[in-house]
Amino acid sequence: MAERKKINWLLILQGWAMLWVVIGHAGPCNDLADYPGYGLALYNFAYSFHMALFMFVSGYLFYLTRISEDVSKKWPYGKMILEKLERFGIPFVIFTLIGMVIKSVFASQVDRASALTLSEFINAILYPYNGPVREFWFLGALFWMFVLAPLWKITLKNKYIALATFAFLIGFSLVDVGTDFLAIRSACSRMCYFYGGMLLSQYDFGNYAVKVKVPNVAILAMGGGNLCCGKNV
């Protein structure tokens, strides 16, 4: 596993997800009511699946690189959490500060104007979706999923428990936890996709799909859209 090869179909899905994230955020105006017909169609299509697909890919890769049996010994829990804090936390803090500076200087010309205060900074870190760079909420959401790695390891050991866990998370995604603290609401609503990615990674779904010539991109993207139910977060 030290010389892990690139997984072409997964790279395609990553590119597909990133493309539609960009399209979803590149609207012609701020108010959806003012979107032209084609713009609204693209927006609705993008938001019907792009984050679900992104979470699926993240879960698939997380299982392969951090919690599968052949790599888990290299990544004890504490080491893995520290690594994720460095990779996610540092960029998030830096871009939050940059966003605060820009949105305080140009407060009259931007959405969600900010102020250069300690309380504003702390609030932006604890509640990412209310911060100057709310688009980075997914970093907080993903971190919750990394924190739960011990639970994932336990449930994935048995296929019946894994399927029951997956079913539970699908139902749990419909529950409003009532707080956006560290993006936990967004994490809970999308955890089923992350877990689904881990589950399929465990059973090597990708190689099977390629062997039987399943059109991965179309099936997973549109399937994610049907499941995601258009959550616009």
Is any side-chain heavy atom of [Y] closer than 4.5 Å to one of [X]?
| X | Y | value |
| --- | --- | --- |
| R134 | P128 | no |
| V147 | K84 | no |
| M51 | W137 | yes |
| Y77 | P150 | yes |
| L182 | F143 | no |
| Y203 | K159 | yes |
| T65 | V71 | no |

Report yes or no: does [X] contribute a side-chain atom to a donor-acceptor pair with the main-chain N or O of [Y] at less than 3.5 Å?
| X | Y | value |
| --- | --- | --- |
| W152 | M145 | yes |
| N44 | L40 | yes |
| Q202 | L156 | yes |
| S201 | M198 | no |

Practice problem: Name the orientation class of the two ring planes belonging to F166 and Y195 (parallel below 30°, tilted from 30 to 60°, perpendicular beyond 60°). | Solution: parallel

Self-check item: Trace of the salt bridge (charged side-chain N to carboxylate O under 4.0 Å, His left out) decision for R112 with E120
Solution: CA-CA 12 Å; R112 305 189 310 276; E120 187 87 0; over 6 Å; no

Let me check something: do [X] and [Y] share a hydrophobic cluster, defined by ILVMFWY side-chain heavy atoms less than 4.5 Å apart, either directly or through other members?
| X | Y | result |
| --- | --- | --- |
| V22 | V133 | no |
| M18 | L42 | no |
| L11 | L200 | no |
| L118 | Y127 | yes |
| L151 | I161 | no |

Non-hydrogen atoms of [X] and [Y] that approach each other most closely:
| X | Y | value |
| --- | --- | --- |
| A183 | G140 | CB-C, 4.0 Å |
| S173 | S189 | CB-O, 3.4 Å |
| P132 | S114 | CB-CB, 4.4 Å |
| V177 | C188 | CG1-SG, 3.6 Å |

Practice problem: Report yes if the distance between the aromatic ring centroids of F45 and W20 is under 6.0 Å, otherwise no. | Solution: yes

Practice problem: Assess the pair Y60 and F194: is the distance between their ring centroids shorter than 6.0 Å? | Solution: no

Exercise. For the pair F54 and Y193, evaluate ring pair (Phe, Tyr, Trp, His ring centres under 6.0 Å) and give the outcome as yes or no after the intermediate values.
Key: CA-CA 9 Å; F54 177 79; Y193 306 113; over 10 Å; no

Exercise. Please assess F62 against M80 for the test side-chain contact (heavy atoms from CB on, under 4.5 Å), listing each intermediate value before the final yes or no.
Key: CA-CA 11 Å; F62 184 64; M80 184 271 293; 4.0 Å; yes

Can you measure from [atom1] ([X]) to [atom2] ([Y]) and round to the nearest 0.5 angstrom?
| X | Y | atom1 | atom2 | result |
| --- | --- | --- | --- | --- |
| S58 | R190 | OG | CZ | 12.0 Å |
| T96 | I125 | OG1 | CD1 | 4.0 Å |
| L13 | I7 | CG | CD1 | 10.5 Å |
| I102 | L97 | CD1 | CG | 11.5 Å |
| Y63 | S68 | OH | OG | 5.5 Å |
| L163 | L199 | CG | CG | 6.0 Å |

Practice problem: Quick one: do L142 and M55 satisfy side-chain contact (heavy atoms from CB on, under 4.5 Å)? Show the steps, please. | Solution: CA-CA 8 Å; L142 280 175; M55 292 296 176; 3.6 Å; yes

Exercise. Step by step, work out the side-chain contact (heavy atoms from CB on, under 4.5 Å) result for Y38 and Y43.
Key: CA-CA 9 Å; Y38 75 89; Y43 177 89; over 6 Å; no

Practice problem: Check whether more than 12 heavy atoms from other residues, nucleotides or ligands sit under 6.0 Å from atom CZ of R87, and answer yes or no. | Solution: no

Quiz item: Does F168 have any ring-ring contact (aromatic ring centres under 6.0 Å, His included) partners at least two apart in sequence or in another chain, and if so, which?
Solution: F172

Quiz item: Which residue pairs satisfy the ring-ring contact (aromatic ring centres under 6.0 Å, His included) criterion with at least one member in residues 90-121, sequence neighbours excluded?
Solution: F95-F136

Self-check item: Counterpart residues, salt bridge (charged side-chain N to carboxylate O under 4.0 Å, His left out), relative to R185 (two or more places apart)
Solution: D176, D180

Exercise. Test side-chain contact (heavy atoms from CB on, under 4.5 Å) on Q14 and L61 and set out the steps.
Key: CA-CA 11 Å; Q14 285 179 299; L61 290 173; 3.5 Å; yes

